[in-house]
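Since the structure is predicted, the reported quantities are computational estimates derived from the model, not experimental observations. Hydrogens, waters and symmetry mates are skipped; everything else that's a heavy atom, side chains included, is used. By convention in this document, chain letters (A, B, ...) are assigned in the order of the sequence lines, proteins followed by strands, and residues within each chain are numbered from 1.
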Amino acid sequence: MLRMSTLFLRTLREDPADAEVPSHKLLVRAGFIRRVAPGVFTWLPLGYEVYRNVESIVRNEMNAAGFQEVHFPALLPREPYELTNRWTEYGDTLFRLQDRKGADYLLGPTHEEMFTLLVKGEYSSYKDLPISLYQIQSKFRDEARPRAGILRGREFVMKDSYSFDIDDAGLQVSYEKHREAYIATFSRLGLKFVIVSAMSGAMGGSASEEFLAPTPVGEDTFVHCASCGYSANVEAVVTVAPDRIDASNIPAAHIEQTPASGTIEALVSYSNRDFARDDRPWTGADTLKNIIFVVAAPDGSESALAIGVPGDREIDTKRLEALLQPSEARIFEESDFLKFPKLVKGYIGPSVLGENSISGVRYLVDPRVVDGTRWITGANEAARHFYDYVAGRDFTADGIIDVAEVRAGDLCPTCGSGFEIERGIEIGHIFQLGRKYAEAVGLKVLDENGELITVTMGSYGIGVSRAVAAIAEQSHDDKGLIWPREVAPADVHLIAAGKDDAIFIAANKLAGELEAAGVRVLYDDRTTVSPGVKFNDSELIGIPTIVIVGKRLAEGFVEFKDRRTGERQDVALVDAVQELKALNEN
RNA sequence: CGGGGUGUAGCGUAGUGGCUAGCGCGUCUGCUUUGGGAGCAGAAGAUCGCAGGUUCGACUCCUGUCACCCCGACCA
């Protein structure tokens, strides 16, 4: 039993100045967490209670799925991360340190290498597989910008699992098992979530899905189709390419003077005035905008890449980076243009783009640029544009690249209706890693023919500490937190409201009986604060059921209040234990 | 790393060169109070982020520096 009179707790009446999002404000105000350093937090007793509940649900579901728990150190030597090149590739995000001898260490940001090496050290036969191992561990990432309290810290707790299989079919099975376990876990945590297809990101590999908890403060943007249920991270959305168009009736391409056409808007309004089309007005979507990037490969080599998108859309750099991984892209600067005299900034057009063109710059276009589409696009001379420049007839790109910004109303690749755009917190991520890490560390086993085969892996993460914040984010009101029963710091928040000895005697007795009945109780036994303070604290803390022993005690009643709905009802004191026990069993 | 902002008591804040740095919350003492963050009386608590400079005088102006927050680029 937690007693408020002695509990290490100080609730705050005002929001902390450095908090922006509701979960951060409320977790601090309710005395669940305190900041120690940017992105680094201490769990206070109530917060730690919630954290442990979340952790034990996660552990419980992992065990139920047949995965086995191990525990690696957070402090790791450099060498394993050299094998996979991540000592370098992780860059500044890695917390590095040295021991007294000057040997390099790191604080683990994730543990693929360690798990892979562990299995390599113990197992060497196909008969040992499949196996899935997991740990619940603090991870350290020196994020460029930690934010939103515990939602994105530099030290955070993650449950990470890894599956080891001898072939792709096995990996598929392991992946599905984790997927099921994740669904069970997040459901029990009381989180609303969607599963979206995702890019595999820096980890390499193929199939990948994210579990996102929808909330306005989420850092991930995803699309959702209300009619067929398709969901995808914006990075992974597949743009629907229109059908090819018969271009035989389109006039021949011609170059026109287009003064003051530095922006798409100016170009469109100018075009409608002086070069109106026969059927309808020109729009930004009729212009083909060509943006040049410098793509830097991990080995440092650079190359130019031209991307053509409809003029009414920007290039989504997140989508671009995701596609180019592990290379990085930056937009052309003045100094880059000097190296490519054929490229006239602001008037770049397909006629000088492409691997076989005079510029030699690789040219990729948006999927909407199908054969027969008719464009206004740069003529590679200042203040000049091509009109009726038709894809497939007047130019051909080197390929397709799907990196234009995604918008609400864009077409769902599955059913063709318009989809919506929402934000979510990434609470879990599962993906089929494949053999990347197994190859890097040499994890092979003998198959039934006595041949060495490389193991194939899956990798699966749950942000455990983040889940606490995600729950808070999804479940609160203007008065405070509202915890789902299974993660709440207690089942019942018992308040002794009044000053009569009789009230405290009855409340003490009830608290004891509840505890004996296995109901977790937070008992506000403070004699020095007024009932109003206790009520406000109980709403801020967010335990699902509030029981008040107060003015109706004389008639033999206590009051039950549901934190979420605010509903109150009087219950006979003699029935209280039984009823509260029953609440727990639902 | 780019852009913006802020550093004053445990928390939230006021203070445009001039007296002893002010207020609310919280804390402590005493009395009163107990169904919606109580009242009265008193008290403790601040090297005004740090360093340097200008000035008779700096929380206030200048320079530098550090830290933190927010928006972007990157991630459970």
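Atom name C1', nucleotides B:G49 and B:C59: the rounded distance is 12 Å, in whole Å. Spacing between B:G37 and B:C31 at atom P, rounded to whole Å, works out to 24 Å. B:G22 and B:U54: their P atoms are spaced 29 Å apart (whole Å). Separating the C1' atom of B:U27 from that of B:A67 is a span of 28 Å, rounded to the nearest Å. Using atom P as the reference point in both B:U6 and B:A51, the two lie 22 Å apart (nearest Å). On the C1' atoms, B:A43 is 29 Å away from B:G7, given to the nearest whole Å. Annotation: B:U63 and B:G10 have their C1' atoms spaced 33 Å apart (nearest Å). Between the C1' atoms of B:G5 and B:U20, the separation comes to 33 Å (whole Å).
Closest to the side chain of A:Arg152, out of B:C11, B:C74, B:C70, is B:C74. Out of B:C11, B:C69, B:G35, the shortest distance to the side chain of A:Leu12 is found at B:C11. For A:Ala497, whose side chain is taken as the heavy atoms from C-beta onward, the closest listed nucleotide among B:C68, B:G36, B:G35 is B:G35. Side chain of A:Arg147, nearest nucleotide from B:C69, B:G35, B:A73: B:A73. Closest to the A:Glu14 side chain, of the nucleotides B:A38, B:C11, B:G35, is B:C11. If you check B:A76, B:G35, B:G37 against the side chain of A:His429, the one that comes closest is B:A76. Taking every side-chain heavy atom of A:Arg466 into account, B:A76 is the closest of B:G12, B:G36, B:A76.
Comparing A:Glu426 and A:Ala19, the nucleotide of RNA chain B nearest to each residue sits closer to the 5' end for A:Ala19. Residue order along RNA chain B, read from the 5' end via each residue's closest nucleotide, puts A:Lys479 first among A:Glu155 and A:Lys479.
Cation-pi geometry between A:Arg552 and A:Phe557 is satisfied (NZ or CZ under 6.0 Å from the ring centre, within 45° of the ring normal).
You cannot call A:Phe535 stacked on the base of B:G35; the centres under 5.5 Å and planes under 30° rule is not satisfied.
Within the nucleic acid shown, A:Arg29 comes within 4.0 Å of at least one base atom, counting heavy atoms only. Across all strands, A:Val464 comes closer than 4.0 Å to no nucleic acid atom at all (heavy-atom distances). Within 4.0 Å of A:Glu143, counting heavy atoms only, lies at least one base atom of the nucleic acid. Here A:Gly149 lies out of heavy-atom contact (under 4.0 Å) with every strand. Using a 4.0 Å heavy-atom distance criterion, A:Thr527 is classed as a base contact. Across all strands shown, A:Ile425 has no heavy atoms under 4.0 Å from either base or sugar-phosphate atoms. Looking at heavy-atom distances under 4.0 Å, A:Gly550 makes contact with a base.
As rounded to whole Å, 9 Å separates atom C1' of B:A76 from atom NZ of A:Lys139. Put simply, CD on A:Glu209 is 15 Å from P on B:A76, counting in whole angstrom units. In this structure, the CG atom of A:Asp15 is 14 Å from the P atom of B:C70, given to the nearest Å. A straight line from CZ of A:Arg154 to P of B:C75 spans 18 Å, rounded to a whole angstrom. Distance, A:Ile150 CD1 to B:C75 C1': 17 Å, rounded to whole Å. Separating the CG atom of A:Asp537 from the P atom of B:G35 is a distance of 16 Å, rounded to the nearest angstrom. For A:Asn536 and B:G35, the CG to C1' distance is 11 Å, given to the nearest whole Å. A straight line from CZ of A:Arg526 to P of B:G35 spans 15 Å, rounded to a whole angstrom.
Residues A:Phe72 and A:Phe115 place their aromatic rings such that the two centres sit under 6.0 Å apart. Between A:Phe67 and A:His178, the ring center distance clears the sub-6.0 Å criterion.
Relative orientation of the A:Phe140 and A:Phe95 rings is perpendicular, given thresholds of 30° and 60° on the angle between their planes. Ring pair A:Phe431/A:His429 is perpendicular by interplanar angle, where above 60° counts as perpendicular and below 30° as parallel. Between A:Phe32 and A:Trp483, the ring-plane angle classifies as parallel under the 30° and 60° cut-offs.
Checking the phosphate oxygens (OP1, OP2) of B:A38, a side-chain nitrogen or oxygen of A:Ser530 falls inside 4.0 Å.
Taking every heavy atom of both residues into account, A:Val468 and A:Tyr51 meet most closely at CG2-CA, 4.0 Å.
The CD atom of A:Glu20 lies 10.0 Å from the CG atom of A:Asp15; values are rounded to the nearest 0.5 Å.
Applying the 3.5 Å distance criterion, the base of B:G36 shares a donor-acceptor pair with the side chain of A:Arg568. Taking 3.5 Å as the limit, the base of B:C74 and the side chain of A:Arg141 contain no donor-acceptor pair of atoms between them. Side-chain atoms of A:Lys551 stay outside donor-acceptor range of the base of B:G36, with no qualifying N/O pair under 3.5 Å.
Contacts of A:Arg59 classified as side-chain hydrogen bond (donor to acceptor under 3.5 Å, both in side chains), with partners at least two apart in sequence or in another chain: A:Glu55, A:Glu69.
Side-chain contact annotation: A:Tyr134 with A:Asn63, donor-acceptor N/O pair under 3.5 Å present. Side-chain contact annotation: A:Tyr162 with A:Asp160, donor-acceptor N/O pair under 3.5 Å present.
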Under the 3.5 Å Watson-Crick or G-U criterion, the dot-bracket string of RNA chain B, with | for inter-strand pairs: (((((((..((((....[...)))).((((((.....)))))).....(((((..]....))))))))))))....
Protein and nucleotides 26-29 of chain B: nitrogen or oxygen contacts under 3.5 angstrom:
residue, atom, partner, partner atom, Å
B:G26, OP1, A:Arg13, NH2, 3.1

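Of the listed residues (A:Val50, A:Ile471, A:Leu27), just one forms a side-chain contact (heavy atoms from CB on, under 4.5 Å) with A:Leu481, and that residue is A:Leu27.
Side chain of A:Asn536 to backbone of A:Gly532: a donor-acceptor contact under 3.5 angstrom is found.
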